Amino acid sequence: MSKTVNRLTLLGIVLNMVQWIAIFILFQKILAQFDGYTILNPNVTNGTMTSFSFIDWLQSMIYSGVPFNYIVFAAIVACLLYLIPTAVFIILEIIAYFVIRKNPQSAWCMFILAMGYKNIVFDLSGVPFLMAGLMMYKRK
């Protein structure tokens, strides 16, 4: 594998990891606003309600009828929908990088190209993957 392709792939992995960490920190800050899974609920005496588990907390947000809770629920679900698949893709990108280093003619080259296309739709971390994937595809 050429040094350019190697560096572009590593840059894509690093950018993807940095972005994942930033979204994870945002997710943690959202959760920190609610001490012990407490939500606003005007239907109870003190105006707040505490749940004992994460799933119960999310259900309480939906059933409370407070628009603020709906917004927080949507933000939490969006963070989770981003974080979980992206963590899996980061692991696959790292595996692809090491497999391609051993065998530059591996089919994992297409995975890097596919990740480039996928990531370029969502964020800028796809640009290095797309360039590296196109360079490897052209070489084949």
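What you see is a predicted model; the values in this text were computed from it and never measured. Residues: numbered from 1 along the sequence shown.
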Next on the checklist: Testing the basics here: between Ile39 and Ser64, what is the closest heavy-atom pair and its distance to 0.1 Å?
Outcome noted: CD1-CB, 4.1 Å
Next on the checklist: Check for me, please, whether Val77 and Trp57 land in the same ILVMFWY cluster - side-chain distances under 4.5 Å, paths through other members count.
Outcome noted: yes
Checklist entry - Between Pro128 and Gly12, which heavy-atom pair has the shortest distance, and what is it? => result CB-N, 3.7 Å
Checklist outcome for this item: Note: Pro104 and Cys109 closest approach over all heavy atoms is O-SG, 3.2 Å
Checklist entry - Are side-chain heavy atoms of Phe129 and Leu8 found at a separation under 4.5 Å? => result no
Item to check | Single-linkage hydrophobic cluster Met110~Val127, side-chain heavy atoms < 4.5 angstrom | outcome: yes
Item to check | Nearest heavy atoms of Gly65 and Tyr70, plus distance in Å | outcome: CA-OH, 3.4 Å
Checklist entry - Are more than 12 heavy atoms from other residues, nucleotides or ligands located less than 6.0 Å from atom CZ of Phe54? => result yes
Next on the checklist: Could you work out, with side chain to side chain donor-acceptor pair (under 3.5 Å) as the rule, every residue matching Thr38, not counting sequence neighbours?
Outcome noted: Thr50
Item to check | Verify same cluster id: Leu26, Phe68 (apolar side-chain graph, 4.5 Å) | outcome: yes
Next on the checklist: Angle between ring planes, Trp20 versus Phe24, binned at 30° and 60°: parallel, tilted or perpendicular?
Outcome noted: parallel
Item to check | Heavy-atom donor-acceptor pair, Ser106 side chain to Trp108 backbone, under 3.5 Å | outcome: yes
Checklist entry - Among Asn16, Thr9, Leu15, which residue meets the side chain to side chain contact (heavy atoms under 4.5 Å, CB included) test with Ile13? => result Thr9
Checklist entry - Are Leu83 and Leu92 connected, step by step, through hydrophobic side chains (Ile, Leu, Val, Met, Phe, Trp, Tyr) whose heavy atoms are closer than 4.5 Å? => result yes
Item to check | Nearest atoms (heavy-atom pairs only) where Asn69 meets Met61 | outcome: CB-O, 3.7 Å
Checklist entry - Which heavy-atom pair separates Pro85 from Leu80 by the least distance, and what is that distance? => result CD-O, 4.1 Å
Checklist entry - Can you list every pair that meets side-chain hydrogen bond (donor to acceptor under 3.5 Å, both in side chains) and has a residue in residues 74-88, with sequence neighbours left out? => result Gln19-Tyr82
Checklist entry - Quick one: do Ile55 and Phe52 end up in the same hydrophobic cluster if we chain Ile, Leu, Val, Met, Phe, Trp and Tyr together by side-chain heavy atoms under 4.5 Å apart? => result no
